[in-house]
Each structure stands twice: as structure tokens, then as C-alpha cells.
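Treat the numbers as computed from the prediction; the structure is a model and nothing was measured. Here is the naming used below: chain letters follow the sequence lines, and residue numbers restart at 1 for every chain.
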2 protein chains.
Amino acid sequence: MSTVEKAISLLNFFTEDEPEWGLSDLARQARFDKATTRRLLVALANSGLVEQHAATRRYQLGASVLRLARVRETHFPLLQVAVPVLREVAAATDETVHLSEFGARGLVTLHVEESSKANRVSVATGQILPLHATASGIAFLAFSPAPLVKSYLRKTPAAFTRHTLVQPARLDDAITAAAARGYSQGEQGFEDGVVSVAAPILGLDGYALGSIAIAMPLSRRTKATTDHHVQAVRGASEKISARLFGEQPSPRQPRVA
Amino acid sequence: MSTVEKAISLLNFFTEDEPEWGLSDLARQARFDKATTRRLLVALANSGLVEQHAATRRYQLGASVLRLARVRETHFPLLQVAVPVLREVAAATDETVHLSEFGARGLVTLHVEESSKANRVSVATGQILPLHATASGIAFLAFSPAPLVKSYLRKTPAAFTRHTLVQPARLDDAITAAAARGYSQGEQGFEDGVVSVAAPILGLDGYALGSIAIAMPLSRRTKATTDHHVQAVRGASEKISARLFGEQPSPRQPRVA
DNA sequence: AACTATCGGATCGAATAATGATCCATGGAT
DNA sequence: ATCCATGGATCATTATTCGATCCGATAGTT
């Protein structure tokens, strides 16, 4: 890990639950030397990414992250556009709805609207979704460039449950089916007892840039809810793409005959 | 500048106006070697702070800045709280209203609501305001701990216009007056033809953590507008502190008799 | 009051990672 | 067809980071 990556990795310890850190605490948690941690924090503080509370000497995220987020959202307003749509879907289905975007580190959960039910599926923002084991991942792969899909399929997929698709042939079938139908279904592939449907969000090039998914406990699934969710998720996906680009991109698929 | 600071300084080139950069361009602008710039960008990309558009090879801010901003705002919702108040003030006065926060790098403009008038004052978010030459700065100093004020006054202040207060005695007077009245007035100290009034935003410790200001062209100033602005800015400042902390902090001033 | 543990921070020689001149392949522009 | 700028890769040199150690302050504990 480069020095820069170490420094930035410290930022990821600041969360909604633990938004403030003392030096020693953070050093232990990050498994860096205390002196190293301090140097990194000072560098981050000089750059405004973190701030130090003068009285308590504790560190928290700094004001400049707000500016960065604003620039990103102005340039590429996925969240602004998608969150209201997610809310609608969550309201219409009363199940957990989540949005993910594909970046360098994989398919990252950007936003979650949770169901109001007590028995609901919880997803953490920032979580990285395994492409082969989630409905979101399959939907994404089904509308991704062939080389990306191929290179991903070369890796041996990890099994998270007894239901995770690990045989390349089965995975391939799932992707082909999703490409043909325009949506994917998850069957307890990532966590037991959780099923979901997902649709890709297409970029201007016609390839998926992320996906939107509805997840529910298996116990609640019926034919009717599934159909409803498929409709909801496809409608939402189209709405988001359309609002992002002013038009609905025409899909490009890696494996269409 | 440390390696980490160099890397992060690259982030500041991504703005609303120039949200995407090519490698060579950015290297020239930042005055880093191209190879160095690339290494830094790769490190930033691995951390999710920037992303590279696969087709154009250009870089833009990444998805993880959104997460960081959300954590910061959840923990310390200055913007969430203040922006609606700024909007009210902007609506009531139809002049440019801006919010700033004091951090490691100085008094930074966090948010701006511009007047709808053609002849208006424009302020850039992210701009660093000189403490001695702006109403915001004087308001901040008037409610800052004595050592901070003293150490700042030791530096020789830069003159931005003929009207900038540069004599320590005059500056001191301005700060004392602002401390006594609870607001400050700017008289073309930073830019010719611009006047403003500002009030501090107090933290729980009773010291200022930033300030809010209304700026207008000198040509529009009358006794009546000034009075109105003073009222508006003080009311807004109190409202923001109160909403942030559930109560209005009692001010602590460095130089009260 | 003395002791102890832990905190944030500072120091400095050794170890490592950053640097940048140089090269390469690609793709527009003239 | 040629030229130039682009993004990216290489590697010996060098500057920076690393971390064991020390320090003073604070807060419990005995």
C-alpha cells in the first residue's frame, strides 16, 4: 500500500457510528504505528480532509469533503437523481431498495432505502457487492462489455451460501437470462433467506454503470410481489437513466446472438 | 509538502467548472512530473477518491467522496442547518449571502446564495477569506480565543485595496467594536465597491466557528438596507447556532473589559 | 501523595518508497 | 504520411517515510 493509500484508508474509519477518533485508538485500529498515524493525520489535516477538535485533540472529517462531494454531484448527479426514485420504489413496495455503482473497487452500494417492516433486509452503504452472488451484480454483468465479464468469470467465485452460483456455466446462464429479460433475480446467493430483483442503470455508452435492486426476506415472497418488484425496479432504472442523460440509452449487451 | 499532501492537492483541481482532467493537463497545472502525477492519481483511484473514465482515460472525483461528505454532515450538520437559513436571508434581502467556517487553512467559504440582481457580489465556495480584510473575518476574530487573535495580528496584513485595514491599532478597534455589537461591517477592505455585514456563528464553547455575511455593491447601500442586513445576519447566526446545538451558546470574547 | 497507565506529540537514524528522466505505443491533427 | 501530444511503463537515484523511543500531561488507582 502506498503512503497515499494508507493516509486515505484512515478516512474510511470515520463513519456515522464513529465519526471521531483519538490518535492512539485510530493507530491501533488501522494497525499503523502511532507516529505514522499521526504524520498521516497531520497531512490530511493540512489538506482539510480531517480536522482536529482543539479541546479534545480528537480528529473528525474536515470541511473540504463537502466541497468535493458537491463537485462530484454537480458533474455527475447520480445520487441527486436516483435517491428520489429509490424513495418512490421503497414506498411502493415497502421493501429495502439499494443503488450501487461500479467503480475501481467493484460494485459499491451508494444509497439504501430500508423497508419499514421489522423483518427487513439491511444493506450498508459503502459495501462492495460480489458480482456473481447478488442480483445487482448479475444485472450489472449482463450489460457490461464482454472483456470485463470474461475477465471476471476467469476468477474462481467465492461461495457465500449453499445457493451461491459458483459453476461458470450456471453463472453464464444467469447472465444470459438477465440480459434477455432486462432484469436479474437473486436467490439467497449472498445471504441465506434473502431474495432480490435488480435492473442495470445504463450509461450513455449503453453499458451498465451500476444497478438498482429490491431485496426482501424469502418468507415474504409470492408470485405477485416478485412481479411487482420486477416492474418497479425496471421502471426505476429507466427513469434514472433518462433523467441522468435526458434520454434512455439503448442497451448494449455482451452476449446477444 | 508531503506525498500525501501532494496527492490531495490534486483533488482541488477538480471543480464545478473543470470536473475532469487528463493526466498531462493536470500534471502541468499542478507542476508535478507526469510520472508522479500518474502515481498519485492511481493511488487516489485505488482509494476511490477519483475515478478514471475507461474510454476517455480522463479522471474525475470518485464515489467515495459522497460517503465521506455524508458522514461529516451527519456528525456535524452545519450545511444542512445553515443553507435553509441562508436562503431565507437571501430571499429577504436579495443580496449575496455567504457562510464560512474556520479550519486549519483559514476561514473557508462553505456556501453561497447569490442575489438575483444583475449587479451583485459573487463569492466562490472554497475561497479562503483574509481575516483582517473581510467582515466575515472581523466577526470571527471578535469571538475567537485571545491567543489566536494575537498570533494573527502579529503577521503583517496584506492590503487588498486602499481601504484594507492594515494598521494594527485600527484592526484592533474594528475587532473590539464587532465584539461589543455582535456583528461587523466590511468597507471595501477586500474588493473595491463591495460592502458587507457579518455575524459570527458560535460553537458550544462560545467561540466562533465561522461566520455568515451579506455582501452588496456600495452603490446600493443606504442606512435602511444596512440596518436591515444587520438584523438579518444576527438573526440568522443565532438561528443556526441554536439549531446546531439545541440552544444558543453564550458568547465568549477575547477582549471584553 | 505517590504510582501507574494512557494519552497526544516530538525525535532521528535506518529503511523504504517516491521521484523524474527516458522510453514506448497509440491516436488525432495537419 | 508525418508530426506531435497523449497516457502509460521502467528503473537507478534520492528524498521521504518509518517506527523504536522518549517526553510531558492527564487521569485513575492505591
**Asked** Does A/Ala159 offer a backbone N or O that forms a donor-acceptor pair with the side chain of A/Thr164 under 3.5 Å?
**Response** no
**Asked** At how many degrees, to 10°, do the end axes of the helix from C/dA1-D/dT30 to C/dT30-D/dA1 meet when each uses five pairs?
**Response** 40°
**Message:** Can you see if the side chain of A/Tyr59 gets near the phosphate of C/dC7 - specifically, an N or O under 4.0 Å from OP1 or OP2?
**Reply:** no
**Prompt:** What string of B, S and - do you get for nucleotides 10-23 of chain C, 5' to 3', when a contact is any protein heavy atom under 4.0 Å?
**Reply:** S------SSBBB--
**Item:** Distance in angstrom units between A/Glu20 CD and C/dG8 P, rounded
**Value:** 12 Å
**Prompt:** Base, sugar-phosphate alone, or nothing: which one does A/Glu5 contact when heavy atoms must sit under 4.0 Å apart?
**Reply:** nothing
**Asked** What residues form a side-chain hydrogen bond (donor to acceptor under 3.5 Å, both in side chains) with A/Arg28, not counting sequence neighbours?
**Response** A/Asp25
**Prompt:** What do the steps show when you test B/Phe32 against B/Lys6 for side chain to side chain contact (heavy atoms under 4.5 Å, CB included), and what is the final call?
**Reply:** CA-CA 9 Å; B/Phe32 295 154; B/Lys6 278 182 205 164; 3.7 Å; yes
**Prompt:** Cut-off 3.5 Å, side chains only: do B/Glu16 and A/His75 have a donor facing an acceptor?
**Reply:** no
**Prompt:** First and last nucleotide of DNA chain D in contact with chain A, 5' to 3', at under 4.0 Å to a heavy atom: what are they?
**Reply:** D/dT17 to D/dA20
**Request:** Say whether B/Ser2 and B/Glu5, considering side chains only, have a donor N or O and an acceptor N or O under 3.5 Å apart.
**Result:** yes
**Prompt:** Is there a donor in the side chain of A/Ser211 and an acceptor in the side chain of A/Ser100, or the other way round, less than 3.5 Å apart?
**Reply:** yes
**Asked** Taking only residues two or more places apart in sequence, or in another chain, which ones meet B/Ala35 in a side-chain contact (heavy atoms from CB on, under 4.5 Å)?
**Response** B/Asp33
**Message:** Checking side-chain polar atoms at under 3.5 Å, does A/His53 have a donor or acceptor matched by the opposite partner on A/Tyr59?
**Reply:** no
**Request:** Please determine if a side-chain N or O atom of A/Ser24 lies less than 4.0 Å away from the OP1 or OP2 oxygen of C/dT6.
**Result:** no
**Request:** Check whether any side-chain N or O of A/Arg28 sits under 4.0 Å from OP1 or OP2 of C/dC7, and answer yes or no.
**Result:** yes
**Partners passing salt bridge (Lys or Arg N to Asp or Glu O under 4.0 Å) against B/Arg72 (at least two apart in sequence or in another chain)** = A/Glu51, B/Glu101
**Request:** Measure from the side-chain N and O atoms of B/Thr125 to the backbone N and O of B/Thr109, and report whether any donor-acceptor pair falls under 3.5 Å.
**Result:** no
**Request:** Identify whether any heavy atom of A/Arg58 sits under 4.0 Å from a base atom; if not, whether one sits that close to sugar-phosphate; answer base, sugar-phosphate or nothing.
**Result:** nothing
**Prompt:** Where does the angle between the aromatic ring planes of B/Tyr152 and B/His132 fall among parallel (under 30°), tilted (30 to 60°) and perpendicular (over 60°)?
**Reply:** tilted
